[in-house]
Structure formats: C-alpha cells, structure tokens
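Everything numeric in this text was worked out from a predicted model, so none of it was measured. All ligand and atom numbering here is 1-based and tracks the order in the structure. No hydrogens, no waters, no symmetry mates; every other heavy atom, side chains included, goes into these values.
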Amino acid sequence: MAARNTAYLLVGLLALLHTWGVAALVEVKMKDRVEVFRGDTASITCTFTSSEGVAGIMIQWFFVTQTGDKQRVFYQDPTGTVVDKGTPFTGRISVNGTGATGAIVVTISNVQLDDELEFICLVNGLTEGTGEGRTKLKVFVLPDFPTIEGEQKGISLKDGKSKIGTCEVKNGFPWPNITWYRNTAPLRGAPDVLKVVLSTTVESSGLFSVKSELLMKVMKEDKDDLFYCEVNFFVPGGLRMTETPHINIIVYYPATAVSVWVESPKGNIKEGDSIELQCRDNGNNPSSILTISDERGEHTIDSNVLVLDNVTRLNSGVYQCASMDMDTFEEISGNTTVFVNYLEPAVVVPKGSVVVTQGKELKATCNALSSLQTQIVWLKEGKAVSKGNSLILKDATFDSAGEYVCVVNVLEFVGMETSGTLHVEVQGPPEIMKPDDTEVEESFGTTVDLTCNVRGFPTPSVTWTTSDGKILPPASEIASWGEVHSVVSIKVTSDITAFCNASNDFGTDALTYNIAATINTTTPATTSTSISTTTTTTATNTSATVKAETPIPPKKEGSGFIIAVIIVCILLLAILGSVLYFLYKRGKICGRSGKQDLTKDKSSKDNIVVEMKSDNTEEAVLLGVNGEKQPPSHQGGAYLNVQK
Ligand SMILES: *[C@@H]1O[C@H](CO)[C@@H](O)[C@H](O)[C@H]1NC(C)=O
Ligand SMILES: *[C@@H]1O[C@H](CO)[C@@H](O)[C@H](O)[C@H]1NC(C)=O
Ligand SMILES: *[C@@H]1O[C@H](CO)[C@@H](O)[C@H](O)[C@H]1NC(C)=O
Ligand SMILES: *[C@@H]1O[C@H](CO)[C@@H](O)[C@H](O)[C@H]1NC(C)=O
Ligand SMILES: *[C@@H]1O[C@H](CO)[C@@H](O)[C@H](O)[C@H]1NC(C)=O
Ligand SMILES: *[C@@H]1O[C@H](CO)[C@@H](O)[C@H](O)[C@H]1NC(C)=O
Ligand SMILES: *[C@@H]1O[C@H](CO)[C@@H](O)[C@H](O)[C@H]1NC(C)=O
C-alpha cells in the first residue's frame, strides 16, 4: 500500500516538475541565414518568448570567431543597451526595438566579406533560464562580366586535344561556376576527347576569380560550331546565370575532292574571249597548294584563279587542278574540259569575181569552217537570194550581175559571223533598153535629147549616127559595170532618123529614133506635141497623123458576137433566098406557084419566114414565130437592116 502511495506521489511530482520546467524556458527563434550583397545593410532578427517581459531578461549578441570562440558584440539588460568596443562591428551595429514586443533586430551596415559569420542571440531570464538562437550571415558579390578568348590558330584534325579557348570570370563571391557549351549542349564527360582545366584565384580583395580552359580533339564538323561559357553564381535568395559571347574555331582538314570550272564566260566560249578558270578543293588546309595545268603544262595561278586572255581553239582541252598537301605530299585533283569555238573567215569559190555568159549557169559556194553549226545566206543588195552554202544562178541575165555577199553565222552565238563576197559579171551582147517611144515630134528649131541605156559585158561602146551617116557626139555618157547611159542632143532642123549603135565582143544592138519636125500651127495644142502611139515608122506630120479610131458600140462585150451571128444569119438567108428563087424559077416552069406552096406549108418546122422584095435593095426581116412581124424594139439587138 505504501509503495503504491509513493508511486502516486512521484508521478504527481514529475507532472508538476514538467509543467514548471516548460514554463521556465526562454524560447528563441532565428532564421538560419541572412543573405546580403557586400556593402548592403544586414538585418538579423531574434524573436523570443518570455513570460517575464523585458524587465526580467538580458539579451546578448555574439559572433563565432574563426577559432570557434564566441565574441560578444552587444548586450541589453533592463538598465540599458551596451555595444561592446573593439569588435569588427563597433560603429556599424545598431539595435532596433527594446525587446518589449518579443523581437529584437540587429542591423549591420556596410557588410563586408569578413562579416560572413555566425551570429548568436542569447536570452537570459532571471528565473526562466536561457534561450539561444543562431543565424549565419551570407555575403555575396556579383562577379565581373565573364570573358572568352578563342584559339586564334587553326586546329588540325591530326592534333590531339587542342586548346579551344579560355573563359574567365573575376571577382565573384562565393565561387562562380563555369560550364562550357558547344552550340546548345553543355560539354561534359568524354575525357578521351575533351578536358576542362580549371584554375581559381582568391584575389587580395578576398573575391574569387575562376578561369576555365577547354581542350578538345576537333573534328571536321566542329568548323561551324559555336563555343561559349555559361557562368552560374549565387545571389541573395537565388542563382544567377550569364553567358560569354560565342566563338568559333578554325579547323584544318584535308581536302577529299578538287573542283575546277570556268567561271566566265558562262556558256559557250569562242575565240578571242577571255576565260577565267577557278579551282577550289573541299578542304581547309594551309599547307595545300593548288595548281592548274593542261596538256601543254602548268599555269601560274593567282590564288585559285587562272585567266586566259584572247583564247584560240588551241586553248581547248582538259584543265586539271591539283591540290597538294605539302606536309604529306598527298595530291588529289579534278579536271574540266574547255572548248573554244571558232568560226574561220568565209571562203567563196570562185574567188573574187566571176564572169558568166548570158543564159548560162553559175555555181558558187561559200563555206566557213566552224566548230558549231552555221547558217549561210547569200545576199544581193541586202536581200536574201539564196539559203545554204551554194549559190546557183540558172540562165544568167544582166539582172543577175552584181555583188553577192554570203553571210555565215553561228546560231548559238549572236554576233559570231563572217562573210565573203562574189562579184558576178554576166557577159553578153549589148542590150538596149527600149524607151517608151522612139517616134518623136518636135517643133523646128527645138533641141531634143535622145537617150540610150545599154547593158552588156564587156561594157559596150555606144555610137550615135544619123541616117545619112553623120556621127553624133554624145552630150553625156556614163559607163559602169556593163552599163552605159548615153545621151545626145539634136537640134531639130528637119525630120531626122538617129541610130544608137552599141557593140561589144559578143554582138551589137541598135535603136532607131525618128524625129518628126513640125511647124507650129494655131491648132489646139492637144495633138501638136504628143508622141504618136501609131505604128507608123516613117516620118509623119501632125496633120498627116490619122488615128485609126474604130467606132465601138457602147455594149462592148456581146456586140462582136452578135454581129457575127447576124452575118451568119444573113449569109444563111441569102443562100435560102437563092434556093427559093431557084425553086420558084423551076416551079414556074412546072406551072406551080412556089410562093403559094410555101406559105401553105404551115407544118414547116422552120419557123423562120423570109420575105423577099422585088426591088434591088434586099431587106431581110427576121420574123417572129409563125411569120408574125415583130416590132423592131421588141427584138433589140436581133433586129437589123443590112444593105448590100
Ligand atoms: C526600427 O523598427 C521600427 C519599427 O519596427 C522601424 O520603423 C525603424 O525603421 C527601424 N529602424 C531601424 C534603424 O531599423
Ligand atoms: C558549382 O558546382 C558545384 C559542384 O558541382 C556545386 O556544388 C555548386 O552549387 C555550383 N555552384 C553554382 C553557383 O552553380
Ligand atoms: C588575239 O589573238 C589574235 C591571234 O592570236 C590576234 O590577231 C589578236 O590581235 C589578239 N587580240 C587581242 C585583243 O589580243
Ligand atoms: C577527269 O576527271 C574524271 C573524273 O572526274 C576522270 O575520270 C578523268 O580521268 C579525268 N581526266 C583527266 C585527263 O585527268
Ligand atoms: C546602126 O544600126 C542601124 C540599124 O541596125 C544600121 O542601119 C546602121 O548601119 C548602124 N550603124 C553603124 C555605124 O553601125
Ligand atoms: C511652137 O509652139 C510651142 C508651144 O505650142 C512653143 O513652145 C514653141 O516655142 C513654138 N516653136 C516655134 C518655132 O514657134
Ligand atoms: C504636112 O501636111 C500638110 C498637108 O497634109 C502639108 O501641107 C504640109 O506641107 C506638111 N508638112 C510637112 C512638114 O511635111
């Protein structure tokens, strides 16, 4: 029973002790850390709970030294506030609040890197015991903008891990991190192809600088890659990131192919052109040398360009461009075929000029050697007379004579053409061109110009004579290429016959002019000086000229035919008349009346009745059907009186 009572007492004491103990503790709450930029003001808050109020407590602030000791910065008790002298915070520390609200805020102005310490807030109650809180002060400094430096030298594929570039970020706090990127992907791992060498420095200011060097084994594909660094660093309340500018690197790689081509002119090349050949290999190799050569040897080229001026067909051929790696002496090459088109001068056969006899045939050819298809056309006086290379003049006439030009042009090239000429002379006897008229009427005393145009080859000689053998000197004579234009002036003193005689080796031709001299009369001028259109060949006189005018009926078309029909009808009627007369005479002898018989014969199929008159003038009348007399107007042109 006693033990049971003792147990109850113990439990009750424990419970009492427990409640008393809890009430006696001072509870202090603080943030784990306070983060500020260097130079800023840090506020560290210490929150506590105490039933005793400010009057019964003492608050002390310490910081933890490098060695782990606690050093007091300031304290507060009910008598007042004291800032300890000789601490790093003396003069920079201030306290806000009295603690009456259960919170006390310590502010440290112009925070320095060394201020990154742990602070302790210690609260002592007179009866309630002690409470403690701790806060770490974190100081931050933004680093300088990061820099990147790329490798300026080209990197060869043969090299091992080569330096790509260096990134540096200075004066940060705490340590900033540098990460390398290629294009958009971070470069990590792969120790056989890449290596990042990091070097860190603590500046005298206490700030941190980081340098990162990237070493990598490059591939041909890396020639276009972009490299850069990303810098990560902490700031109060978070993380921040910056990037360096992007760089690329020069990758040296050997060529696997060479191409050579004609850069200009584009398309076909012709003699006289300047051609530019260019050569390029697909590598990037400083130790490779390009050379261009053709069958005739090597050409000196300026960088990768070869210019050939005024090319001829001899420049045609295969041009080879070689790329030689001077380190390994490996050579690769490519080639291109150049073809220089040409058009030689036109060759005309026969050459120069040719003489063809009138009426004969002339064949000429024109050819120009060309590498391309040509088109040939023969022109005379600018007009095309023949297509193709041959010119055939069948049955040559004086009109065929002249200059023929054959033009040869290349279809593919505008303006690539050549031409040749052929002078054709047609030889033959003189041929005088007939003037409009050779019959001339002129008044006495006037002077008349007679013209004689002659063609013929060799160029004929022209003489003018009169019928009495007198030679007339020409007033003018123009002779050229088988043509003569001769004019004489004759004073009209009487009727004159003038001859224009033309001759050459092949024959002669003559033209006769008849000039009729007239006396001026008072007759109207209508017929006086007009040139006669008659066929008279002898000298005539104005008044003697008779114009054989034939009166023509208005109805021109059918009248000739009608007249012929009528004449035939009349002849038939005459014959019929004679027959009838003969029958009449015979009938008289036989004692019968032919007239009566005839009129009675109504069944006669011939419906034409002819009435004969006894007088000498025979008048045949064409009668209508059944002998009815038709009025003259009725029959129109079919009614005619004929007088014998
Ligand atoms: C002290 O605290 C009061 C109110 O809590 C505030 O208005 C004042 O700005 C503070 N002073 C300092 C120096 O922090
Ligand atoms: C830097 O890298 C280290 C190791 O990976 C990491 O612990 C740290 O948090 C990083 N710092 C920043 C600012 O990213
Ligand atoms: C081009 O070459 C031809 C023949 O080789 C020559 O007659 C001509 O004068 C040259 N022209 C130029 C512009 O050099
Ligand atoms: C030119 O190049 C072709 C392949 O591109 C090759 O077959 C030919 O033999 C080459 N010719 C010369 C003359 O080098
Ligand atoms: C000129 O021609 C005419 C006509 O043919 C002829 O009668 C005359 O004799 C010729 N004269 C000369 C000089 O040949
Ligand atoms: C004849 O008449 C024409 C005009 O009708 C005139 O021009 C000419 O001079 C005359 N001749 C003579 C000789 O009278
Ligand atoms: C022209 O003819 C007329 C008569 O018909 C004649 O009188 C005259 O003399 C003739 N004139 C000449 C120049 O022959």
Side-chain angles (χ1 to χ4, degrees), residues 33 35 138-143 146 167 169-181 186-189 196 198-200 207-212 229-243 255-262 277 279-282 290-299 316-324 331-339 429-432 434 438 450 452 454 456 460-474 484 486 488 496-504 507-514 537-538:
R33 51 162 64 204
E35 298 181 340
K138 287 282 176 189
V139 183
F140 297 84
V141 176
L142 289 178
C167 283
V169 59
K170 283 181 156 177
N171 302 321
F173 195 90
W175 291 107
N177 277 2
I178 294 177
T179 311
W180 277 95
Y181 275 76
L187 287 166
R188 288 204 183 96
V196 175
L198 205 67
S199 57
T200 56
L207 297 174
F208 302 145
S209 295
V210 182
K211 204 186 216 176
S212 176
C229 290
E230 188 186 274
V231 176
N232 287 286
F233 51 91
F234 290 110
V235 292
L239 190 69
R240 223 180 261 180
M241 188 270 281
T242 58
E243 257 178 39
T256 55
V258 178
S259 55
V260 55
W261 67 95
V262 178
L277 281 158
C279 177
R280 193 161 292 154
D281 66 28
N282 65 352
L290 295 174
T291 51
I292 297 182
S293 56
D294 63 8
E295 294 99 287
R296 288 167 292 281
E298 203 166 282
H299 296 270
S316 295
V318 175
Y319 285 76
Q320 189 179 56
C321 180
S323 167
M324 161 92 86
E331 192 187 84
I332 51 168
S333 65
N335 64 54
T336 188
T337 302
V338 170
F339 190 79
E431 211 173 72
I432 299 175
K434 296 286 171 272
T438 53
L450 302 178
C452 194
V454 192
S461 59
V462 173
T463 49
W464 288 91
T465 50
T466 55
S467 49
D468 50 4
K470 215 170 86 192
I471 292 172
L472 298 167
V484 182
S486 182
V488 286
I496 301 164
T497 299
F499 302 107
C500 166
N501 296 54
S503 71
N504 68 5
T508 59
D509 194 12
L511 176 71
T512 309
Y513 275 104
N514 291 313
T537 51
T538 53

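Every atom of ligand 5 is numbered from 1 in the order shown, and the set under 4.0 Å from a heavy atom of Asn501 is 1 (C), 2 (O), 3 (C), 8 (C), 10 (C), 11 (N), 12 (C), 14 (O). Atoms of ligand 2 lying under 4.0 Å from at least one heavy atom of Asn232, given by number and element, are 13 (C), 14 (O). Residue contact check: Gln320 has heavy atoms under 4.0 Å from atoms 14 (O) of ligand 4. The Phe233 neighbourhood of ligand 2 comprises atoms 13 (C), with distances under 4.0 Å to a heavy atom of that residue.
When hydrogens are left out, the protein atom nearest atom 12 (C) of ligand 2 is Asn177 ND2, 3.3 Å; that is the closest non-hydrogen contact. Protein heavy atom closest to atom 14 (O) of ligand 4, with residue, atom name and distance, is Asn335 ND2, 3.1 Å. Atom 13 (C) of ligand 4 has Val318 CG1, 3.8 Å as its closest protein atom, hydrogens excluded (heavy atom only).
Pro430 and Gly507 make their closest contact through CD-O, 3.0 Å (heavy atoms, listed as atom of the first residue, atom of the second, distance).
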side-chain hydrogen bond (donor to acceptor under 3.5 Å, both in side chains) assessment of Thr463 paired with Asn501: CA-CA 5 Å; Thr463 49; Asn501 296 54; 5.0 Å; no

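Here the side chain of Glu431 pairs no donor or acceptor atom with the backbone of Gly456 at under 3.5 angstrom. For Glu35 (side chain) and Gly237 (main-chain N/O), a donor-acceptor pair under 3.5 Å exists by modelled atom type. With hydrogens and angles disregarded, no donor-acceptor distance shorter than 3.5 Å links the side chain of Asn177 to the backbone of Asn232. Using modelled atom types, one side-chain atom of Ser209 and one backbone atom of Asn171 make a donor-acceptor pair closer than 3.5 Å.
Screening Val462, Ile432, Leu450 for a side chain to side chain contact (heavy atoms under 4.5 Å, CB included) with Ser486, the sole residue that qualifies is Val462.
Counting only heavy atoms, the protein never gets under 4.0 Å from atom 5 (O) of ligand 4. Within 4.0 Å of atom 9 (O) of ligand 4, not a single protein heavy atom is present.
For the pair Thr465 and ligand 5, the shortest N or O to N or O distance does not fall below 3.5 Å.
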